[in-house]
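Have a look at the structure below, then the notes.
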2 protein chains.
Amino acid sequence: MLRLTKRSEYGLMALAFLAAQEPGVYTSVREIVSRLGTPRRLLAEVLKALSQAKVVEATRGPGGGYRMRTPAEELSLSRVIAILEGPVNVARCASEDGCDFQEICTIQEGIAQVADRIKRVLDGYTLADIVRAGSGAAPVLDQLSDPASHQDRSVA
Amino acid sequence: MLRLTKRSEYGLMALAFLAAQEPGVYTSVREIVSRLGTPRRLLAEVLKALSQAKVVEATRGPGGGYRMRTPAEELSLSRVIAILEGPVNVARCASEDGCDFQEICTIQEGIAQVADRIKRVLDGYTLADIVRAGSGAAPVLDQLSDPASHQDRSVA
DNA sequence: GTTATTTAGCACTCATACAGTGCTCTTTCA
DNA sequence: TGAAAGAGCACTGTATGAGTGCTAAATAAC
Ligand code: SF4
Ligand code: SF4
C-alpha cells in the first residue's frame, strides 16, 4: 500500500523524543510511552531493535532506559525504516525474494528508476530534518524533484 | 512494507504492452496474459478497473479486448497506483482512516514533507517514462532530489 | 544480598491487506 | 444461434502488520 508501518512511526516518534532530551540521560520506555501514548510492549520491541542496530543505547535497572547514540543529523529515514521494517524495496525485483517476471518485464528499468528516486528521498531526510519540520522551520524544497523536470531531460 | 502491489505491477506491464500495440486495435486479456505470464483472472480484474477509470477502453465479443484511452505521456504512475491500490498515502494521517496520534505527533510535519516528495516522484513519472527507460534511453536524473541538498537550505 | 526497576529475549494471537480463483451474465461478431 | 470476450459478484488462502504475555538477565538502591 506504499505506507509507513506503525513500527516505523512509533520508532520515529520515540527517536524524536529521545533526541529532544538532555544529552546523555537515559529515558525509560515507561516514560516515553506515557508521553506518546503508544502501546507499551510494541514500543519496547521497536526500541530494542533500534538498540541492536546501535541507533540508540540502553541501560538496565532503576534509572535505566534509552538514549541517542547516532546523532539525529546523521540518522537517515531510510536507515530507521530499514531497521524497523526491513530494507526499502519499492520494486520487489530489487529485494531478495525477487520476481518471476524479471526475464520478460519491460517496466523493470523504469520501476527501478522510480524506486531509486524514492530511496533517495528517504536517504536524504534525517531525523533532524523530521524534527525540524515540526518546529515551524519549513524548509523550501519545492523546486527539488520537480514533477516534470526529468521529462525535459530524457526526451532530448 | 513500502512496496508496489502486484496489481500495480501487472497493471503497468499490461499498460506498457497496450501502449506498444498499433493504435486503435483491441487486444484481449487472453493474448496479454499469454505474453506476460500473469494470472489470467487477476489481470482481468486489473484491466477492468483501468477500464472503469477511463484509462483504457474495452470492447466485448470476438476480436474484442482493451486498448489505450489515455495517452502514455499523460498517464502518471500515481494515477495508475491510485486506481489499482487506492490513493498513495505514505503517512496514514493523510489518508481517510487518519491517525490517533495527530494531536500530539511531533513528526507529523516532517513525515508529511517526505510523503509529499514521494508523491511528486510518482506524479512526475508517466507510463511513457517507464516504457522509455526500458528502451535503453536512460535519462539523467541524478542531480535531481539530491540526498543532502534540502538540508543546506533548511539549516540556514 | 535482597529487592525493585528496567531492558532483553522468546513465542505467541488477532486483524487486515494482498493475491488469486470460480462462476455467471451480458455484449458482440460471425 | 453459437462462440468469444469483457463485466460483475463473491469467495478462499496467504502474508504482513499490529499487538500481547511471560520469563530471564542486568543494574542500582537499600
Ligand atoms: S519491475 Fe518487473 S520484474 Fe521488477 S518486480 Fe515489478 S514486475 Fe517484477
Ligand atoms: S505522522 Fe504522526 S500523525 Fe501522521 S500518521 Fe505518522 S504518527 Fe500518525
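The chains referred to below are lettered A, B, ... by the order of the sequence lines, with proteins before strands, and numbering in each begins at 1.
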Residue whose nearest DNA chain C nucleotide is more 5′ - A/Pro62 or A/Ser51: A/Pro62
Interatomic distance where CZ belongs to B/Arg40 and C1' belongs to C/dA19 [whole Å]: 17 Å
C/dA17 OP1/OP2 closer than 4.0 Å to side-chain N/O of B/Thr5: no
Integer-rounded Å distance: D/dT16 P and B/Met1 CE: 5 Å
Between D/dA15 (C1') and B/Lys6 (NZ): distance, integer Å: 12 Å
Spatial distance of atom SG (B/Cys93) from atom CG (A/Leu4) [nearest 0.5 Å]: 10.0 Å
Nearest-Å distance for atom pair NZ/C1', residues B/Lys48 and D/dG8: 5 Å
Between C/dA19 (P) and B/Tyr10 (OH): distance, integer Å: 8 Å
Nearest-nucleotide 5' precedence on DNA chain C, A/Leu2 against A/Ala44: A/Ala44
Side-chain N,O (B/Arg3) to OP1/OP2 (D/dA15) below 4.0 Å: no
Atom-to-atom span, CD of A/Gln52 to C1' of C/dC10 - whole angstrom: 12 Å
Carboxylate-amine/guanidinium proximity below 4.0 Å for B/Glu9 and B/Lys6: no
Nearest-nucleotide comparison on DNA chain D, the residue closer to the 5′ end among A/Thr59 and B/Thr59: B/Thr59
Proximal nucleotide (of D/dG6, D/dG19, C/dG20) relative to the A/Leu42 side chain: D/dG19
Length of the line joining B/Arg60:CZ and C/dT26:C1', which is rounded to integer Å: 5 Å
Validation row: B/Arg67, B/Gln21 side chains within 4.5 angstrom (heavy atoms): no
Sugar-phosphate, base or nothing in reach of A/Arg92, heavy atoms under 4.0 Å: sugar-phosphate
Atom CD of A/Glu103: over 12 foreign heavy atoms under 6.0 Å: no
B/Arg120 with B/Asp123: basic N within carboxylate O range, under 4.0 Å: no
Gap between atoms CD and P, on B/Glu9 and C/dG20 respectively (whole Å): 11 Å
Distance test, side-chain N/O of A/Tyr66 to OP1/OP2 of C/dT6, below 4.0 Å: no
